[in-house]
Amino acid sequence: MAKWIQLLVSAAILGTATAATGNCTSPEVRKSWHDIPNSQKTAYIKAQQCILSSPAKEGKIPWAKTRWDEFAGLHQLLALQIHSTGNFLPYHRYFLNIHKHLLNECGYNDSLPYWDETRDAGSFSKSPLFDKTYGFGGSGTGSQNCVPDGPYVNLPVNIGPGFKNQPRCINRKITDFLSTQCGASYVKSAVAPNNYNDAAKAIYMGPHLLGHEALAMMNGDSITSAGDPLFMMHHGFVDKMWFDWQKVNKSRLTEIGGLNAQDPARGFWEFSGTQESQSSMWGKPNAAQLALTPDPQLGDGGPNMTLNHSLSSLGIIPNATVADIMDTQGGYLCYVYA
Ligand SMILES: *[C@@H]1O[C@H](CO)[C@@H](O)[C@H](O)[C@H]1NC(C)=O
Ligand SMILES: *[C@@H]1O[C@H](CO)[C@@H](O)[C@H](O)[C@H]1NC(C)=O
Ligand SMILES: *[C@@H]1O[C@H](CO)[C@@H](O)[C@H](O)[C@H]1NC(C)=O
Ligand SMILES: *[C@@H]1O[C@H](CO)[C@@H](O)[C@H](O)[C@H]1NC(C)=O
Ligand SMILES: *[C@@H]1O[C@H](CO)[C@@H](O)[C@H](O)[C@H]1NC(C)=O
Ligand SMILES: CC(=O)N[C@H]1CO[C@H](CO)[C@@H](O)[C@@H]1O
Ligand SMILES: [Cu+2]
């Protein structure tokens with residue numbers, strides 16, 4: 001089969017499309033981990049183990065030792081641009097797409113699963129997500145809260161805590177009562193506001209934040225929680241909230257707002273104080289980190305988010321714009337949530 005035909009065929013099977021075609025005829029269907037077959041879980045886990053154990057490839061982030069470090073390291077560099085800003089939902093949607101690319105590199109080409117947390121709200125610890133064979137391993141134990149079992153034991157992450165970079169185990173600590181606010185009624189209020197800024201903030205401060213608190217991934221650290229592969233399941237759930245909000249009105253497919261970097265006077269919305277005072281929790285990026293951090297205003301030409309905002313993965317996948325990722329069926333992206 002000619003190379004271009006293979007590409008067309010695989011694009012059709014996978015429901016993917018590129019910005020060049022602009023078409024999305026058979027979207028990838030993203031399903032909750034609860035609803036995918038064990039064979040798919042096994043394939044996903046195998047690819048994730050491969051990402052965690054493959055050497056760094058891009059070479060842009062010197063302290064990233066593995067492919068996964070390059071991914072978690074990207075989240076660390078961008079942490080003060082993509083949390084408590086208008087770029088929270090867009091960047092994390094793009095981040096899911098970067099993860100999809102890494103899974104592809106490791107041989108997983110099926111759809112991206114996510115975690116419908118409403119099904120486990122209030123009792124996260126009993127969720128099938130924490131299965132040690134067909135899941136992410138359980139709640140952490142010992143002084144470091146290292147995940148004691150499951151597929152990612154003994155696969156260290158070298159990014160974090162905070163802006164430091166030291167090898168550490170994948171760790172988390174589940175607190176069931178905090179997970180209550182990932183339930184259906186909380187999700188419903190998070191997607192109720194009728195403008196982007198209010199909905200984005202309600203999603204961020206609601207089920208997104210409470211999910212992080214209930215899971216305390218990577219010491220619950222806002223800068224590097226992406227080190228735990230479970231982060232991607234949680235952020236699929238967050239992305240679905242935006243997707244559900246966007247579905248209500250076509251005009252929401254072009255609605256964007258907020259700042260493209262944290263307001264230094266406010267920092268993270270979930271903590272009091274300023275960015276400076278909050279930095280006592282995780283330190284500050286050093287000069288080498290600052291030099292690698294993308295310019296938050298690239299594409300916007302000012303402090304406000306626009307559809308022309310540039311999204312970068314530091315080379316893992318090509319840059320995109322917010323306009324590219326607004327519609328999950330716009331062609332650059334091609335998926336729906338079930
Ligand atoms: C999976 O996707 C990658 C990247 O698109 C591609 O190189 C690879 O051939 C695909 N593998 C299969 C089994 O389709
Ligand atoms: C959709 O959004 C447009 C523009 O904001 C608004 O005029 C219209 O009333 C909305 N429609 C619905 C059904 O909410
Ligand atoms: C991609 O984004 C990075 C970081 O913002 C920027 O430095 C680079 O110039 C962009 N690349 C292209 C091809 O636009
Ligand atoms: C969009 O962003 C690019 C850089 O990423 C810039 O060159 C261009 O001028 C921007 N367009 C508008 C309309 O702001
Ligand atoms: C940014 O947006 C705010 C709120 O919509 C607006 O008041 C301000 O003028 C904008 N700033 C720039 C530089 O566009
Ligand atoms: C940009 C692009 O390729 N658009 C095509 C999408 O598919 C429709 C129908 O198949 C074509 O008419 C468009 O040209
Ligand atoms: Cu994040």
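When a residue number appears, it is its place in the shown sequence, counting from 1. Whatever order the structure lists them in is the order used to number ligands and atoms, beginning at 1.
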Next on the checklist: Between R252 and N194, is the side-chain hydrogen bond (donor to acceptor under 3.5 Å, both in side chains) condition met? List the steps.
Outcome noted: CA-CA 9 Å; R252 296 182 178 186; N194 65 9; over 6 Å; no
Item to check | Under-4.0 Å protein heavy-atom contact, atom 11 (N) of ligand 2 | outcome: yes
Item to check | Any side-chain donor near an acceptor of the partner, S123 and D176, under 3.5 Å | outcome: no
Checklist entry - For atom 5 (O) of ligand 2, what's the nearest protein heavy atom and its distance? => result S251 OG, 3.9 Å
Checklist entry - Short list, please: which atoms of ligand 3 are under 4.0 Å from a heavy atom of N319? => result 1 (C), 2 (O), 3 (C), 8 (C), 10 (C), 11 (N), 12 (C), 14 (O)
Next on the checklist: Would K100 and Y108 count as a side chain to side chain contact (heavy atoms under 4.5 Å, CB included) here? Give the steps.
Outcome noted: CA-CA 8 Å; K100 186 178 166 72; Y108 178 85; over 6 Å; no
Next on the checklist: Could you go through Q48 and W68, starting from their C-alpha distance and side-chain angles, then the distance that decides it, and tell me whether this counts as side chain to side chain contact (heavy atoms under 4.5 Å, CB included)?
Outcome noted: CA-CA 9 Å; Q48 183 59 49; W68 186 244; 3.4 Å; yes
Checklist entry - Once rounded to 10°, what is the value of the angle centred on the Cu ion (ligand 7) between H92 NE2 and H75 NE2? => result 120°
Checklist outcome for this item: Nearest heavy atom to atom 3 (C) of ligand 2, choosing from N249, N195, N194, belongs to N249
Checklist entry - Looking at atom 7 (O) of ligand 3, what's its closest protein heavy atom, distance included? => result L298 CD2, 4.9 Å
Item to check | Aromatic Y335 / basic R30 pairing, under 6.0 angstrom, 45° off normal | outcome: yes
